[in-house]
There are 2 protein chains.
Amino acid sequence: MNDIKDFFAASGCKMTKQRKAILEILMDSRTCLSAEEIFIKAKNINPNICLTTVYRTIELLASYRMLNKIDIGDNKYRYEINSNTHYHHIICMGCKKMFKVQGCPVPDFESSIRAQTKFKIIGHRLEVYGYCPECQGTV
Amino acid sequence: MNDIKDFFAASGCKMTKQRKAILEILMDSRTCLSAEEIFIKAKNINPNICLTTVYRTIELLASYRMLNKIDIGDNKYRYEINSNTHYHHIICMGCKKMFKVQGCPVPDFESSIRAQTKFKIIGHRLEVYGYCPECQGTV
DNA sequence: CTCTATCTGCAAATTGTTTGCATTTACATT
DNA sequence: AATGTAAATGCAAACAATTTGCAGATAGAG
Ligand SMILES: [Mn+2]
Ligand SMILES: [Mn+2]
Ligand SMILES: [Zn+2]
Ligand SMILES: [Zn+2]
């Protein structure tokens, strides 16, 4: 958190109560959260924060690559702190729960992509879909 | 196209002018298209088609796994015919152009996921980000 | 403590997508 | 070919997520 404070200062961004609240929420959460969910939690800390600020903060954090933006196909994004550890999610198509999975097969694939496209590769997004143990019987 | 017609008939769906137009557009396009883009093209074929029909047709096709829904992080989906060949996209963070890349590293990863989560794996979504040759200089 | 660029809240606008309903249409059946 | 009917369409309106404009508040440098 102090690192972030320093990083903000160095970038000419101010560390406001609102941003602190949002960061705290994101850092404490072990699931990823929608803007609305962040907003609701943030109101417990700072009752007159508004959704606009949440969106603006998300955008700011994402622009510094401090957040991951996750899409599960329901027209809204969810966000989580971009920890330095790299992982992906598996999403249950039954109950929509998400779980982290460790490891990533993409780096091994990158040289093939480079050969095919001459792109400079920066990152990737990978989500795996399926049915969780509880939902396997019921579908 | 006749296969699709038969498939629709067998499913109790009607093959309407609108659906035919949308399918034709999707099958002819080598890029993926947003609902709006499909709508605009469809109006050339059938001037009084409406966006609602485009959305309903997309949903129908997707429910039969005939379409892929692609998210590039800008709050709207794009769609493309789900050909039987499996591939992913690389997206330029500069000019937003997308290109197909062949091959997929995910299947090799699935046994690890199964071991970690006991999920029954159905599918996945993978997009790679970077800068295309033209945009590498300019950023 | 002062000053000012940055940030915030509020309200309103935008954008993408979905829904309700009256009318039309595809197509199976006569 | 005419008929009947479930399924599909167009339109308008509703929704939901996100964005924008602006006037007032605040962080933090000096
Ligand atoms: Mn990865
Ligand atoms: Mn794949
Ligand atoms: Zn589940
Ligand atoms: Zn480019």
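The sequence lines fix the lettering, A, B, ..., with proteins before strands; numbering per chain opens at 1. Keep in mind that this is a model prediction, so the values were computed, not measured. Scope of the values below: all heavy atoms of this structure, side chains included, with no hydrogens, waters or symmetry mates.
- Contact annotation: B/Y55 does not reach the phosphate of C/dT18 (side-chain N/O to OP1 or OP2, under 4.0 Å).
- Residues A/C32 and A/M98 form a side-chain contact, since some pair of their non-hydrogen atoms from C-beta on lies under 4.5 Å apart.
- B/I58 has its CD1 atom 9 Å from the P atom of C/dT18, to the nearest Å.
- Checked against C/dG9, C/dC27, C/dT17, the side chain of A/N75 finds its nearest nucleotide in C/dT17.
- Heavy-atom nearest nucleotides on DNA chain C were determined for B/K14 and for B/L51, and the one closer to the 5' end corresponds to B/L51.
- Taking the side chain as every heavy atom from C-beta outward, A/S34 and A/Y77 never approach each other to under 4.5 Å.
- Note: CD1 (B/I4) to P (C/dA26) measures 18 Å, nearest angstrom.
- The OH atom of A/Y77 sits 16 Å away from the P atom of C/dT15 (whole-angstrom rounding).
- Distance A/D74 CG to C/dT17 P: 12 Å, rounded to the nearest Å.
- As judged by a 4.0 angstrom heavy-atom cut-off over every strand, A/E36 is placed among residues making no nucleic acid contact.
- The structure places CD of B/E80 at 5.5 Å from NZ of B/K100, a figure rounded to the nearest 0.5 Å.
- Protein chain B touches strand DNA chain D; the 5'-most and 3'-most nucleotides with an atom under 4.0 angstrom of its non-hydrogen atoms are D/dA6 to D/dT19.
- Residue contacts for A/I49: at a heavy-atom cut-off of 4.0 Å it reaches the sugar-phosphate backbone alone, with no base atom in range.
- Aromatic ring orientation, A/Y64 versus A/F8: tilted (interplanar angle from 30° to 60°).
- Taking the nucleotide of DNA chain C with the nearest heavy atom to each of A/K17 and B/A35, the more 5' of the two is matched to A/K17.
- Of the two residues near DNA chain D, A/T52 and B/R19, the one whose nearest nucleotide lies more 5' is B/R19.
- Computed from coordinates, the B/K5 NZ to C/dA26 P distance equals 11 Å when rounded to whole Å.
- Spacing between atom CD of B/E37 and atom P of C/dG16 amounts to 10 Å, rounded to whole angstrom units.
- Looking at A/S63 and A/E59, their side chains never bring a donor and an acceptor atom within 3.5 Å of each other.
- Using a cut-off of 4.0 Å between Lys/Arg side-chain N and Asp/Glu carboxylate O, A/D71 and B/R125 are scored as salt-bridged.
- Taking atom CG of A/D71 as the reference point, atom P of C/dT17 lies 11 Å away to the nearest angstrom.
- C/dT25 atom C1' lies 12 Å from atom CG of B/N46, rounded to whole Å.
- One N or O on the side chain of A/R19 and one on the backbone of A/K14 form a donor-acceptor pair closer than 3.5 Å.
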